[in-house]
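Nothing here was measured: the structure is a model prediction, and the numbers come from that model. Counting starts at 1 for both ligands and their atoms, following the listed order. The figures here come from the full heavy-atom set of this structure, side chains too, leaving out hydrogens, waters and symmetry mates.
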Amino acid sequence: MASERTYIMVKPDGVERGLVGEVISRFEKRGFKLLGLKAVQPTRQHLEQHYGDLKDKPFFPKLVDYMLSGPVVGMVWAGLSVVKTGRVMLGATNPLASAPGTIRGDYAIDVGKNICHGSDSVDSAEKEIALWFPEGVCNYTRSLDKLIYE
Ligand code: UDP
Ligand code: MG
């Protein structure tokens, strides 16, 4: 369904390295529709909620510190199968296992500095959108869609 939505976030390393535009550009050019975009310096509590499923993992404290190290840029993209396709576009969690042509495969090396986040299911996408965009996001129709969808 073209109304499927995902939450994509450029992490602090990606923001500082000037990769925000690159991430936006890849989703834009692919044909996905931008519904929300903002830079934010998240709090520890906010990040602990975002990564709540990982709280028992040994890397969790380091992950939260990494995510607190600077602003992040969060975005909401919509389109057919955007959750799964977004993950494919980001690449594997460990950048060394990411194929060239993916964002992590082109721009990252270490798992603890892997530039970007993407929701892993439709359900978690909607939860993450509600967490990061409590004010809501845009919705609009695009005439362009007739050139992208058959
Ligand atoms: N992470 C890490 N070490 C690990 C696994 C994950 O530092 O061994 C970090 C990494 O930044 C990853 C984030 O924790 O992106 C969330 O992990 P998850 O398994 O959800 O991977 P993702 O969904 O981001 O691919
Ligand atoms: Mg994840």
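- Aromatic ring orientation, Phe32 versus Phe27: tilted (interplanar angle from 30° to 60°).
- At a 4.0 Å heavy-atom cut-off, ligand 1 does not touch Lys62 at all.
- Considering only non-hydrogen protein atoms, atom 23 (O) of ligand 1 sits nearest to Arg87 NH1, 2.6 Å.
- More than 12 heavy atoms of other residues, nucleotides or ligands lie within 6.0 Å of CZ in Arg142, so this atom counts as buried by the packing criterion.
- Residue-level proximity to ligand 1 for Thr93 is carried by backbone and side chain together, each with a heavy atom below 4.0 angstrom.
- Residue-environment remark: CD (Glu135) exceeds the threshold of 12 foreign heavy atoms within 6.0 Å.
- One finds a salt bridge joining Glu126 and Arg5 here, because a Lys/Arg side-chain nitrogen approaches an Asp/Glu carboxylate oxygen to under 4.0 Å.
- Looking at Phe59, Tyr51, Tyr66, it is Phe59 that brings a heavy atom closest to atom 1 (N) of ligand 1.
- Polar contact with ligand 1: present for Lys11 (N/O pair, distance under 3.5 Å).
- Counting heavy atoms under 4.0 Å from ligand 1, residue Lys57 does not touch it at all.
- Checked for salt-bridge contact, Lys113 and Asp110 miss the test: no charged N lies under 4.0 Å from a carboxylate O.
- Contacts with ligand 1 closer than 4.0 Å are made by heavy atoms of both the backbone and the side chain of Val111.
- Between the side chain of Lys33 and the main chain of Tyr140, a donor-acceptor pair closer than 3.5 Å is present.
- In terms of protein heavy atoms, atom 12 (C) of ligand 1 is closest to Asn114 ND2, 3.6 Å.
- Only side-chain heavy atoms of Leu54 come within less than 4.0 Å of ligand 1; its backbone N, CA, C and O stay farther off.
- Atoms CG and CZ, from Leu96 and Arg104 in turn, are 12.0 Å apart once rounded to the nearest 0.5 Å.
- Protein heavy atom closest to atom 9 (C) of ligand 1, with residue, atom name and distance, is Leu63 CD1, 3.8 Å.
- Only the side chain of Arg104 comes within 4.0 Å of ligand 1, counting heavy atoms alone; its backbone N, CA, C and O stay farther away.
- With hydrogens and angles disregarded, a donor-acceptor distance shorter than 3.5 Å links the side chain of Asp106 to the backbone of Gly101.
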